[in-house]
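In what follows, a structure is listed as structure tokens, so that the remarks can point back to it.
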Amino acid sequence: MEKPVKNEKLKNWIEEVRQLCAPDSVYVCDGSKKEYNTLMAQMVESGAAIKLKKRKNSFLFRSDPSDVARVEDRTYISTPEQAQAGPTNNWVAPDELKATMKDLYKGCMKGRTMYVIPFSMGPIDSPIAKIGIEITDSPYVVCNMHIMTRVGKKVLKKLGKKGEFIPCLHSIGAPLEPGQKDVSWPCAPIEKKYISHFTDENLIWSYGSGYGGNALLGKKCLALRIASAMAKREGWMAEHMLILRLTSPEGKQYHIAAAFPSACGKTNLAMLRPTIEGWKCECVGDDIAWMKIRPDGRLHAINPEAGFFGVAPGTSYDSNPMAMDTIKKNAIFTNCALTDKGDVWWEGMDGKPPRHAIDWKGRDWPNENKEVAAHANARFTVPASQCPVICEDWEKPEGVPIDIFVFGGRRAGLVPLVYEAYNFNHGVFMGASASSETTTANIGAVGNLRRDPFAMQPFCGYNMGDYFRHWLDMGDRLGDKAPRVFYVNWFRKTSDGRWLWPGFGENSRVLKWMCERVDGKAEAVQTPIGLLPKLGSLDLKGLKIDERDIHELLKIDMDAWKAEIPDIEKHFAQFGDRLPDELKKQLKALQERLG
Ligand code: SAT
Ligand code: MN
């Protein structure tokens with residue numbers, strides 16, 4: 001079985017895990033279509049997957065109702081000192097956490113196959129790419145990793161005998177006794193779930209969950225938590241950002257990297273169809289950006305992933321036609337509803353709801369409790385290459401040069417549609433104090449306001465105070481080649497709950513304003529919080545929107561902003577000495593400008 005594996009460290013690690021987890025067999029993945037098809041056929045046979053009649057080579061999975069999203073409460077950054085993990089991360093000392101988890105891992109793969117997945121985050125020939133090896137007992141994870149990362153023989157070849165990799169150990173934590181029948185979504189109860197990162201060792205141990213970021217370890221665990229810590233040590237950036245290319249009617253290209261929390265529309269923005277004439281938008285990535293300063297002095301970004309793991313509910317030909325076209329074939333759906341015709345359905349899809357469907361829990365729908373048919377964090381997994389607007393340079397090894405950073409979140413009030421930072425450090429302050437209402441992408445309360453700095457609150461693999469400093473240092477190194485920084489809020493509502501801004505394709509108007517700011521063409525007005533579009537500088541041609549709504553969207557309520565200050569102070573205070581002085585200065589300056 002280990003024949004394809006020539007790397008000594010990998011051979012030893014596979015053997016070590018085999019002895020600990022005691023699987024029935026070990027299988028090294030080659031990343032082939034045949035392998036994918038075989039595993040899918042097995043899962044259809046066992047009842048874990050349903051083949052969709054209406055979508056080519058596509059499958060539906062239903063998870064256990066306890067295993068539907070990331071588990072931030074069970075996610076750990078395990079460093080020798082707690083201060084390295086900082087106040088925003090759960091922490092347990094490495095020895096203690098390893099002892100606890102080793103007990104759980106003991107014999108945890110009994111009755112199952114242990115899969116070894118060699119994968120690359122980033123195009124294999126990219127100087128920014130990293131190799132990971134995920135060991136898992138979930139064939140669902142293998143198939144998802146096939147789509148989300150670059151898997152297989154070519155990765156092992158690049159690894160060679162002595163190459164380095166990031167070990168990612170995953171088990172669903174559900175061993176099978178001889179003769180015991182499997183369930184369709186095996187997993188461990190919540191109190192036994194652990195998503196652990198030993199950042200000093202570049203090591204990931206995940207136990208008990210089969211869902212999304214808890215289990216597809218290349219994504220949040222490697223490409224954000226481990227990578228952010230590596231990036232800090234090595235002088236680059238790993239960010240929770242989509243990457244898109246905008247092209248003006250004159251043919252000028254602008255590359256935008258935007259950070260929004262999970263389930264705040266990154267995928268929709270990444271695949272935006274501009275409503276303004278002559279502008280073109282292409283997608284480079286929808287969730288994660290790895291960025292390095294190149295010899296030209298500019299920051300260049302790659303998308304380390306190969307697929308999209310997008311939120312299904314709300315995705316429609318109206319909100320994101322490009323995503324709808326991307327998921328026509330070769331897709332994995334998780335926790336969507338199943339129609340009688342053999343297709344998937346979710347709330348917010350185009351057209352009328354089906355008269356009857358099977359909901360994400362496998363029950364007839366509609367039901368008398370008026371529950372949703374698809375779970376709010378139901379997802380599609382699909383190859384990025386299938387996206388009709390994927391950028392031709394999305395796999396360019398050196399990445400694309402970033403012109404603009406955008407931060408944002410969901411805020412029903414307060415935050416205007418768009419504003420620009422006075423300078424890079426002010427932009428870092430905007431990112432560091434960013435806030436958003438929580439969504440269903442994490443298990444926990446929905447709609448609570450929380451500070452989510454740089455949309456990295458759940459994903460920063462080290463002390464967030466040091467992370468702020470890293471941003472400031474990167475700005476110093478970039479100097480006048482640093483991207484311009486903006487903040488947006490597509491989610492403003494009136495007091496009676498109506499959306500003020502139409503969003504989706506119309507967001508191109510806001511992006512155009514940013515590009516014109518970069519070129520020194522669009523006018524802005526100075527306000528205490530930053531530079532806002534001067535009335536008339538935002539292209540609203542052809543948009544039916546009440547002038548009062550525009551005023552409201554660009555209004556700054558001084559009292560409400562003053563009332564934010566104590567919360568930002570409290571948020572910053574948790575970092576103690578690790579909070580850079582520059583951010584204290586920025587906060588003070590904001591306070592003074594507010595008067
Ligand atoms: O972390 S997941 O990959 O499950 C999705 C998200 O939160 O963005
Ligand atoms: Mn995300």
Side-chain angles (χ1 to χ4, degrees), residues 61 63-64 66-75 119 121 132 134 138 140-141 144-145 147-149 168 170 185 187 193 195 197 204 206 208-228 238-244 257-271 283-290 303-315 323 332-336 375-382 384 406-410 434 436-444 446 450 452-461:
F61 289 80
S63 81
D64 188 271
S66 70
D67 198 26
V68 292
R70 280 184 294 102
V71 283
E72 289 176 18
D73 287 351
R74 311 288 312 162
T75 300
F119 65 95
M121 296 312 288
E134 177 159 353
S138 160
Y140 166 84
V141 165
N144 275 273
M145 288 293 283
I147 297 175
M148 293 306 296
T149 72
C168 312
H170 172 252
W185 186 281
C187 63
K193 293 192 210 293
I195 321 296
H197 308 74
I204 302 164
S206 165
S209 166
Y211 206 91
N214 300 332
L216 314 177
L217 302 186
K219 197 174 179 56
K220 309 298 183 178
C221 298
L222 193 162
L224 288 176
R225 299 194 191 97
I226 294 288
S228 63
E239 299 298 330
H240 192 204
M241 288 176 164
L242 67 93
I243 310 164
L244 65 82
F260 306 127
S262 301
C264 286
K266 280 199 299 299
T267 306
N268 291 347
L269 188 64
M271 298 176 193
C283 173
V284 177
D286 82 327
D287 196 38
I288 301 176
W290 281 2
N303 167 12
E305 302 190 279
F308 306 124
F309 183 65
V311 181
T315 305
I332 297 174
F333 296 93
T334 310
N335 287 346
C336 301
H375 186 275
N377 193 41
R379 298 271 174 162
F380 53 77
T381 319
V382 73
V406 183
F407 303 123
R410 269 176 202 273
S436 187
E437 285 136 24
T438 48
T439 67
T440 52
N442 167 46
I443 290 192
V446 174
R450 76 164 172 186
D452 188 350
F454 298 84
M456 283 289 275
Q457 158 87 18
F459 308 120
C460 184

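This is a predicted model, so every value here is computed, not measured. Counting convention: from 1, in listed order, for ligands and their atoms alike. Residue indices begin at 1 and follow the sequence shown.
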Q: Report yes or no: is the cationic atom of K220 (NZ for Lys, CZ for Arg) under 6.0 Å from the centre of the six-membered ring of F459, at an angle within 45° of the ring normal?
A: yes
Q: Could you list the atoms of ligand 1 found under 4.0 angstrom from a heavy atom of F309?
A: 3 (O), 4 (O)
Q. Any N/O of G213 closer than 3.5 Å to an N/O of ligand 1?
A. yes
**Q.** Aromatic plane relationship, F309 with Y211 - under 30° parallel, 30 to 60° tilted, over 60° perpendicular
**A.** perpendicular
Q. So, the side chain of S436 versus the backbone of R410: is there a donor-acceptor pair under 3.5 Å, distance only?
A. yes
Q.
Need the ligand 1 atom indices (1-based, order shown) with element for anything under 4.0 Å from a heavy-atom of K219.
A. 3 (O)
Q: With heavy atoms of S262 as the reference, note each atom of ligand 1 found under 4.0 Å away.
A: 6 (C), 7 (O), 8 (O)
Q) Any N/O of R70 closer than 3.5 Å to an N/O of ligand 1? A) yes
Q. Can you tell me if H197 uses its side chain to pair, donor with acceptor, with the backbone of L222 under 3.5 Å?
A. no
(Q) Under 4.0 Å from a heavy atom of A441: which atoms of ligand 1 are those, numbered in the order shown and with their elements? (A) 7 (O)
Q. Quick one: nearest non-hydrogen protein atom to atom 5 (C) of ligand 1, plus distance?
A. R379 NH2, 3.4 Å
Q.
Are the side chains of P261 and T439 in contact, using a 4.5 Å heavy-atom criterion?
A. no
Q: May I have the angle between K220 NZ and H240 NE2 with its vertex at the Mn ion (ligand 2), rounded to 10°?
A: 90°
Q. Got an N/O contact under 3.5 Å between D287 and ligand 1?
A. no
Q. How about K219: does one of its N, O or S atoms come closer than 2.8 Å to the Mn ion (ligand 2)?
A. no
Q: Check whether any side-chain heavy atom of V311 sits under 4.5 Å from a side-chain heavy atom of R379, and report yes or no.
A: yes
(Q) For R70, is there any backbone N or O sitting under 3.5 Å from a side-chain donor or acceptor partner on S209? (A) no
Q. Of all N/O/S atoms in D287, which lies nearest to the Mn ion (ligand 2)?
A. OD1
Q.
What I'd like to find out is whether the side chain of L224 reaches to under 4.5 Å of the side chain of I288, using heavy atoms alone.
A. yes
**Q.** ligand 1 atoms in contact with G212 (distance to a heavy atom under 4.0 Å)
**A.** 4 (O)
